[in-house]
Undergrad: 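To start, I am sharing the structure in question, which I have written as structure tokens.
Numbers restart at 1 for each chain; the letters A, B, ... are given by sequence-line order, proteins then strands.
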Amino acid sequence: MDFHKFTIKELSRILQKKEISSLDLCNFFLDRIRNIDSKLKTCISVFEEEAKKQAILADKMIANGEKGELIGIPYLVKDNMLVKGFKTTAASKMLENYIAPYDATVIKRLKDSGAVLLGKTNMDEFAHGASTENSAFFVTKNPWDLERVPGGSSGGSASAVSAGLCVFALGSDTGGSIRQPASFCGVSGLKPSYSRVSRFGLISMTSSTDVIGPIAKSVEDVAMVMKVISGFDENDLSSANLDVEDYLKNINKSIKGLKIGVVKEFVDSLDEKFKEVINQAILTFENLGAKIKFISLPYNKYAGPVYYIITPSEISSNLARLDGIRYGFSADYKSKGSSAENLNELYLNNRGQSFGPEVKRRIMLGTYTLSSGYFDAYYKKAMAVREKIEQEFNDVFSEVDVILTPTSPHVAFKIGEKINDPVKMYLEDIFVTGPSLSGLPAISIPAGFVDNLPLGIQIFANKFKEDLVLNLANNFQSKTDFHKKSPDIN
Amino acid sequence: MEISKNEIEKIAFLARLDLNEVEKEKYQIQLANILNFVDSLKELDVSNSEVLGLANDFENQLREDEVVDCDQEEREIAIGQSAEREAGQIKVKRVL
């Protein structure tokens, strides 16, 4: 059976009917990882024994008559989320041997729901990047074309879901890191509203925009995972103390009469082939009864520059804790005894020798923009413009229910194509940073193919309107089959 | 926008990053390029806006000041990864 092409919904039905055991399903995916992952390099670690133990527990839950969509479903998680007793590396030499002392809240919730964790996926080091080429360990490949990047920073998670190495995966999104790889790999990925999903146990990057979200084969699957991981957590100060909707309840509702805003200048900026994909998507939504309204977001062109001031600033502060003293890379302490003369020298060595080029670049940039004499010109200015961008979205949402944009201006690019030009890489985020800076829920779903490579569209709404985003996206998938296509990799 | 080598060295020290000469030269160029990229913000006049940031979005979450026992296994993993330990404490280099 092609279990790797099945959705959570389909597998859950088979598991509940006891047509297959969770342990057999777990072994099926472990075999697949063993056989295929040497080509794709999606996983940093695989927990064979632990996964089997969890699968046996899931089988007991099923035998006891417990219900729940995720019982016995195998998944992978980006390696910046803590799993107790296992390595959490953030794809950095700094944390290469770091063992997590506790479970992230999302991991705990998924464990309680009966999902089976197979391992941890590759990413750009500390989630800094848009191609997964910044991993300190290896480059992950796109399953649609092994010479291309899977996107990033959650590239390992998106590639693994697309290739059927797991049923769903968790990613994190700070400025597009779930949506852009979802677009490049032809899968569905949701960046929830800021503060909707607990970040306790997520390695911080940009605390004012970081979120955890699901990557899966369908919008319905995304909703099933969201149901489990969303909601208030007293361990996360920023966690929203709001009721969580049943994301499946309204997912099939008609979208007749809903107003979709299409950003004119975004579509105009695209090459013809990509424009065609967006126009087809617009037509699909019109056929479903939605009303299209062309809108303009003049402040949004500043989202990239704002993002690349605020993000490095927060990174320089968040990554200051990584000094190799309490944990992490230690340059000369252990092996050669105490060769550093003083504490400063120790910091300099531990950090200088273990951080990769993009991490250093962002820390340097952030230190600069926060430093005396530049703070007002850069950081404070960026924060003021950020509020303008947010206000602009607020205004637009009084006229339309959701906004539709391309996820990325193009399909997956070649490995090595942009790695030496940071500004080019930063321009990857052009359509996705706006919703991040404003904390809005945004999904990327497959909307077509250009030159045999998948391309996604992004749908986003006002804060905490995940149900609306999922409803629109699910209606789109009821009329299209782009999300059902999978790469030929065995 | 240009950044001098001196400035790069100053920032690198503030950030506690030991950089070699090749890195210094590379970041001198790349940081200047990135700052040019973000320079479009200069077109905007936001001098009248008051920046609140996320200050209004959160409330402090308070709890009773009680001693809660720490899970011993968790504690051991957490402090067992330090470079040097002495008597259950993490040992660091002299500060001055």
Undergrad: Please report the C-alpha distance between R361(A) and Q30(B) in whole Å, then the side-chain angles of each, then the deciding distance to 0.1 Å, and finally whether the side chain to side chain donor-acceptor pair (under 3.5 Å) criterion is met.
TA: CA-CA 8 Å; R361(A) 192 152 44 232; Q30(B) 290 180 339; 2.7 Å; yes
Undergrad: Check whether Y27(B) reaches the backbone of P357(A) with its side chain - one donor and one acceptor, N or O, closer than 3.5 Å.
TA: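 Present.
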Undergrad: So for A320(A), is it side chain, backbone, both, or neither that comes closer than 4.5 Å to the heavy atoms of chain B?
TA: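 For A320(A), neither part sits under 4.5 Å from chain B.
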Undergrad: Name all residues meeting the side-chain contact (heavy atoms from CB on, under 4.5 Å) criterion together with S317(A); count only those two or more places apart in sequence or in a different chain, and write none if there are none.
TA: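 None.
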Undergrad: Counting only heavy atoms closer than 4.5 Å, note whether D376(A) contacts chain B via side chain, backbone, both or neither.
TA: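 For D376(A), there is no contact with chain B at all, as no heavy atom is under 4.5 Å.
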Undergrad: Please flag which part of S316(A) lies under 4.5 Å from any non-hydrogen atom of chain B: side chain, backbone, both or neither.
TA: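 Neither; nothing under 4.5 Å.
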Undergrad: Could you pull out all residues at least two apart from F37(B) that satisfy ring-ring contact (aromatic ring centres under 6.0 Å, His included)?
TA: none
Undergrad: How far apart are the closest heavy atoms of E23(B) and K360(A), and which atoms are they?
TA: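 So the minimum-distance heavy-atom pair works out to OE2-NZ, 2.6 Å.
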Undergrad: Identify every side-chain donor-acceptor pair in residues 95-104 of chain A under 3.5 Å, counting partners at least two apart or on other chains, and give the distances.
TA:
unit_1, atom_1, unit_2, atom_2, d
D103(A), OD1, K84(A), N, 2.7
D103(A), OD2, K111(A), NZ, 2.8

Undergrad: Checking heavy atoms, do the side chain of N235(A), its backbone, both or neither come under 4.5 Å from chain B?
TA: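 The answer is neither part of N235(A).
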Undergrad: Write out, in numerical order, the residues from residues 302-314 of chain A with a heavy atom short of 4.5 Å from a heavy atom in chain B.
TA: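 Interface residues of residues 302-314 of chain A: Y302(A), G304(A), P305(A), V306(A), Y308(A), I309(A).
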Undergrad: Can you confirm whether L348(A) sits close enough to F13(B) that some side-chain heavy atom of one is under 4.5 Å from a side-chain heavy atom of the other?
TA: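 Yes, close enough: below the 4.5 Å cut-off.
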Undergrad: Has the side chain of K381(A) got a donor or acceptor atom that lies under 3.5 Å from a matching backbone atom of L44(B)?
TA: yes
Undergrad: Please tell me if the side chains of I363(A) and L17(B) come closer than 4.5 Å, counting only heavy atoms from C-beta onward.
TA: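 They are in side-chain contact.
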Undergrad: Side chains of M364(A) and L19(B): closer than 4.5 Å at any heavy-atom pair?
TA: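 Yes. Closest side-chain heavy atoms under 4.5 Å.
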